[in-house]
Amino acid sequence: MKIGSNCCLKDYAMLLSFGDVSIGNNFHLGQFSILYGYGKIKIGNGVIIASHSVIVSSNHNYSDPKEYIYKQGMSCKGITIEDDVWIGAGARILDGVTIGKGAVIGAGSVVTKNIPSYAIVAGVPAKIIKYRK
């Protein structure tokens, strides 16, 4: 795990590094948020993750209906969060996603696909509602 300078992890936030976790400078992780680092997580500079958010860089395989899911293993594509991103309270960021520079993720959103730079997204699943620029 690598954590940059001037970072703030609020009370009860958890960094679970079972894989490769890299966090840039000026990072803020809100209360009760969790980074599950089973796969690779790369977070840029100036990123704000609000309280009760969850970042999950792995997923269960489940393609064989004749086999228990827990026996089918996991995939770990990884998550990249570029510089100057704000992730609102209670958001969920799922494996395989890249969030572009300057994006804003609305509170309670579930991000299942890549988010372009400067996009503002919200919803379940998260959809682009407008751009900052």
How close do [X] and [Y] get, counting heavy atoms only, and between which atoms?
X	Y	value
Gly39	Ser57	N-OG, 2.9 Å
Ile105	Ala91	CG2-CB, 4.1 Å
Arg92	His52	NH1-O, 2.7 Å
Asp95	Lys77	OD2-N, 2.9 Å
Ile115	Val111	CG1-CG1, 3.8 Å
Val124	Gly108	CG2-O, 3.7 Å

Please indicate whether Tyr36 has more than 12 foreign heavy atoms, meaning atoms of other residues, nucleotides or ligands, lying under 6.0 Å from its OH.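 Counting other residues, nucleotides and ligands, OH of Tyr36 stays at 12 neighbours or fewer.
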Greater than 12 external heavy atoms within 6.0 Å of Phe18's CZ: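 More than 12 within 6.0 Å, yes.
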Give a yes or no on whether the backbone of [Y] and the side-chain of [X] come within a donor-acceptor separation of less than 3.5 Å.
X	Y	result
Thr112	Leu94	no
Glu67	Gln72	no
Glu82	Gly100	no
Ser53	Gly88	yes
Asn114	Thr98	yes

Rounded to the nearest 0.5 Å, what's the gap from [atom1] on [X] to [atom2] on [Y]? Could you check?
X	Y	atom1	atom2	result
Trp86	Ile120	CH2	CD1	9.0 Å
Met1	Ser17	CE	OG	4.0 Å
Ser58	Met74	OG	CE	3.0 Å
Ser109	Ile129	OG	CD1	8.0 Å

Do the side chains of [Y] and [X] get nearer than 4.5 Å, heavy atoms only?
X	Y	value
Arg132	Asp84	yes
His28	Cys7	no
Ser51	Lys10	no
Asp20	Ile41	no
Ile69	Asp64	no
Lys2	Val21	no
Ile87	Ile55	yes
Phe27	Ile43	yes

Side chain to side chain donor-acceptor pair (under 3.5 Å) between Asn25 and Ser5, worked out: CA-CA 5 Å; Asn25 300 321; Ser5 64; 3.2 Å; yes
Determine, using the 4.5 Å side-chain heavy-atom cutoff (strictly less than), whether [X] and [Y] are members of one ILVMFWY cluster.
X	Y	result
Ile49	Val104	no
Ile3	Ile79	yes
Leu15	Ile93	yes
Met14	Val56	yes

Leu16, Val54, Leu9, Leu29 screened by side-chain contact (heavy atoms from CB on, under 4.5 Å) with Leu35, the one that passes: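 The residue from Leu16, Val54, Leu9, Leu29 that satisfies side-chain contact (heavy atoms from CB on, under 4.5 Å) with Leu35 turns out to be Leu29.
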With a 6.0 Å cut-off on the ring centroids, do Tyr118 and Tyr131 count as close?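 Between Tyr131 and Tyr118, which both carry aromatic rings, the centre distance is not below 6.0 Å.
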Check step by step if side chain to side chain contact (heavy atoms under 4.5 Å, CB included) holds for Val97 and Ile99. CA-CA 6 Å; Val97 166; Ile99 299 175; 3.9 Å; yes
Between Asn6 and Asn26, is a side chain to side chain donor-acceptor pair (under 3.5 Å) present by the stated rule, with each step listed? CA-CA 5 Å; Asn6 197 32; Asn26 303 306; 2.5 Å; yes
